[in-house]
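Shown next, in structure tokens, is the structure this report addresses.
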Amino acid sequence: MSKDKSAKIPTPQAVRGTQDMLGDFADRFAHVVETFERVRRLYGYKRVEVPVIEPTAVFARSLGETTDVVSKEMYSFDDRGGESITLRPEFTAGIARAYITNGWQQFAPLKVATHGPLFRYERPQKGRYRQFHQLDAEVLGSDSPLADAELLVFADQLLKELGIAEGVTLTLNTLGDAESRDAWRAALVEHFESHRGALSEDSLARLDKNPMRILDSKDPRDRPIADSAPDIDAFLTAEAQDFFGAVTSGLDAAGVAWERNARLVRGLDYYRHTAFEFVTDRLGAQGTVLGGGRYDGLIEALGGPPTPAVGWAAGIERLAMLVQESGSFRTHVPDIAVVAENIDCELTACSLAAVFRRSGFWAELVATGSPRKRFDRARKLDPALIVSLDVRDGVHTRSIKLLDERYNRSPAAHAVFDSFFSSP
RNA sequence: GCGACCAUAGCUCAGUUGGUUAGAGCGCCGGUUUGUGGUACCGGAGGUCGCGGGUUCGAGCCCCGUUGGUCGCCCCA
């Protein structure tokens with residue numbers, strides 16, 4: 001063997017913006033997914049699975065004119081057949097594609113839910129990763145405002161059951177129908193053009209590319225101009241007004257609190273009517289916990305029949321961080337620690353631990369290292385019950401002690417323990 | 001793509017105006033307290049000070065570059 005340290009094999013690093021999860025955080029992550037799976041069933045959302053990879057066209061089409069996003073922020077590559085493939089940066093486009101190519105129109109209106117990894121080539125920061133994970137819920141083929149309302153009530157219940165609704169606000173806006181939206185957009189452009197000289201450099205660029213985005217600019221120079229810009233309300237058609245009214249009435253009827261945010265916009269043209277975000281100030285610059293809206297124009301943009309649809313997505317990592325902060329999720333600890341305090345007890349302890357496990361208890365066996373320190377190490381596992389096996393002066397001893405008074409399976413564990421030592 | 005801050009033991013960090021052999025706590029391993037106990041004490045293993053250059057008699061410390069991380073901007077489907 002070489003003693004030359006320079007010959008040491010370098011360990012490859014994790015890909016930038018990806019993360020490894022262990023223990024508590026991974027448990028919280030799973031808890032978020034499990035809660036989502038439970039609640040979506042209460043609302044009758046079918047489970048749907050779509051590929052992680054799609055032809056690049058699926059996302060390029062759905063993202064339309066925002067060329068920066070398509071060209072710079074997607075993980076795309078050519079496969080061996082020369083086809084351009086993209087790792088999904090969102091769920092909606094893939095689900096819309098599946099809806100069209102599988103003829104799921106026959107099930108409309110179709111309520112579906114899924115979760116899994118997504119990929120975006122962005123600069124990592126708090127709550128923002130290159131591989132991240134989302135929960136997703138969509139209703140395809142319904143033009144009813146009650147579909148929007150139900151989707152939001154679902155989201156609200158999810159956050160409440162996760163115990164993180166405190167400090168999270170549902171902010172809501174309408175983008176109107178195509179006619180309303182176009183009229184509003186034109187009025188905004190006119191307003192911003194008239195204040196062109198006072199806008200920030202960033203917003204001047206937005207004025208050409210995506211003028212509605214000036215409304216939520218963070219630059220203090222833009223705020224007065226953005227705040228004095230016209231709201232969409234004056235441009236809403238009667239139908240659009242009724243639609244928004246029906247959504248908010250549905251929310252009120254279901255007891256879901258909401259706030260109007262007339263500055264909440266969506267950059268893409270296929271978004272219509274409802275736009276919403278559940279926001280918090282506890283996640284740094286990434287304040288959106290769950291967001292979505294109605295995208296009546298998307299499926300048509302992908303070459304399908306005109307199909308109204310509405311949906312939302314939520315970042316699992318962000319939800320897991322909020323779960324951590326709220327302390328609403330208890331760390332998993334073992335039911336029982338079985339300690340062999342003497343070498344002659346190790347096999348018995350091993351056998352007893354196996355019996356506990358077969359009886360449905362999470363049992364940890366502590367039978368290595370210094371015998372004198374095993375009990376202390378077992379205590380540090382924070383089990384509900386602790387079982388000690390020892391040999392004192394040649395006599396085998398055993399004890400089982402309850403450490404967590406709230407633990408309700410203690411009698412069952414005692415029964416297993418007694419039975420183990422009374423059987424021949 | 002832009003900016004700020006950071007990088008020392010497995011983890012969290014200290015390390016003075018640049019000055020002998022780089023430290024602590026936690027964790028890990030072993031031993032002692034012949035004990036129903038999360039204690040205390042003793043000992044041990046573990047470090048290319050992110051990497052590469054430079055300045056200097058001398059660099060963990062100063063300078064340049066680089067890589068990575070964090071946070072923010074842009075973007076946000």
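The model shown is predicted, which means the values in this text are computed figures rather than measured ones.
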Next on the checklist: Classify A/E341 by what it touches in the nucleic acid, base, sugar-phosphate, or nothing, heavy-atom distance under 4.0 Å.
Outcome noted: base
Whole-Å distance, A/N342 CG to B/U34 C1', equals 13 Å
Between A/D177 and A/T237, a side-chain donor and acceptor under 3.5 Å
yes
Exercise for review: Determine the Euclidean distance between corresponding P atoms of B/A22 and B/G30; express it in Å to zero decimal places.
Suggested key: 28 Å
Measuring only the P atom in each nucleotide, how far is B/G52 from B/U8? A whole number of Å is fine.
15 Å
Open item on the list: Under a 3.5 Å threshold, yes or no: a donor from one side chain and an acceptor from the other, between A/Q131 and A/Y75?
Closed with: no
Query raised in the report: B/C49 and B/A59: how far apart are their C1' atoms, nearest whole angstrom?
Result: 11 Å
Quick note, A/L268 side chain, CB onward, closest among B/C74, B/G38, B/A77 is B/A77
Next item on the list: Using the C1' atoms only, state how far B/G58 lies from B/U17, rounded to an integer number of Å.
Entry: 15 Å
### Task
Check whether any side-chain nitrogen or oxygen of A/R16 sits under 4.0 Å from OP1 or OP2 of B/U67, and answer yes or no.
no
For B/G47, the nucleotide meeting Watson-Crick or G-U wobble distances (both under 3.5 Å) is none
Assign each of A/F119 and A/K380 the nucleotide of RNA chain B bearing its closest heavy atom; nearer the 5' end lies the nucleotide of A/K380
Under a 3.5 Å limit on both distances, the Watson-Crick or wobble mate of B/U12 is B/A24
- Please check if atom CD in A/E190 has more than 12 non-hydrogen atoms from other residues, nucleotides or ligands closer than 6.0 Å. no
Query raised in the report: At under 4.0 Å, does any side-chain N or O of A/R213 touch on OP1 or OP2 of B/C75?
Result: no
Report task. Classify the nucleic acid contact of A/R266 as base, sugar-phosphate or nothing, counting any heavy atom under 4.0 Å across all strands shown. Result -> sugar-phosphate
For the P atoms, the ones on B/G10 and on B/G3, what distance do you get once it is rounded to whole angstrom? 33 Å
Could one point to a donor on the side chain of A/R128 or the base of B/C75 with an acceptor on the other under 3.5 Å away? yes
query: At under 4.0 Å between heavy atoms, what does A/R206 touch on the DNA or RNA strands: base, sugar-phosphate, or nothing?
result: sugar-phosphate
Scanning all shown strands, the Watson-Crick or wobble mate of B/U32 with both distances under 3.5 Å is B/A40
Exercise for the section: Quote, to the nearest angstrom, the P distance that separates B/U12 from B/G50. Expected result: 14 Å
When both distances are under 3.5 Å in a Watson-Crick or G-U wobble arrangement, the nucleotide paired with B/C2 is B/G72
> If you measure from the P atom in B/G60 to the same atom in B/G18, how many Å do you get, rounded?
Replying inline: 13 Å
query = In terms of heavy-atom contacts, does NZ of A/K160 have more than 12 from other residues, nucleotides or ligands at under 6.0 Å?
reply = yes
In whole angstroms, the gap separating P of B/A77 from CG of A/L175 amounts to 11 Å
Which value, in whole Å, describes the distance between the C1' atoms of nucleotides B/A14 and B/A9?
-> 13 Å
For B/C76, take OP1 and OP2 only and decide whether either is under 4.0 Å from a side-chain N or O of A/N210. yes
A/L63 atom CG is separated from B/C75 atom P, nearest whole Å, by 16 Å
*asked:* Please tell me whether A/D148 and A/T274 have a donor and an acceptor in their side chains that are separated by less than 3.5 angstrom.
replied: yes
* **Side-chain H-bond candidate by donor/acceptor type, A/H115 with A/Q134, under 3.5 Å** => no
_Donor-acceptor pair, side chain of A/T307 and main chain of A/P305, under 3.5 angstrom_ = yes
| message | Taking any heavy-atom pair under 4.0 Å as a contact, classify A/Y271: base, sugar-phosphate, or nothing. | response | sugar-phosphate
Checking B/C29, B/C76, B/C75 against the side chain of A/R377 (C-beta onward), the nearest is B/C29
Rounded to whole Å, the CZ-P distance (A/R221 to B/C74) equals 11 Å
Taken to the nearest whole Å, CZ/A/R379 to C1'/B/G38 is 5 Å
Is there a donor and acceptor pair, one atom on the side chain of A/Q13 and one on the base of B/G69, closer than 3.5 Å? no
By nearest-nucleotide position on RNA chain B, the 5'-leaning member of A/Q125 and A/E122 is A/Q125
OP1 or OP2 of B/C71 versus the side-chain N and O atoms of A/R123: is any pair under 4.0 Å? no
Exercise. Just to confirm, is there a sub-4.0 Å distance from OP1 or OP2 of B/G30 to any side-chain nitrogen or oxygen of A/K373?
Worked result: no
From CG of A/D202 across to P of B/G3 the rounded distance in Å is 14 Å
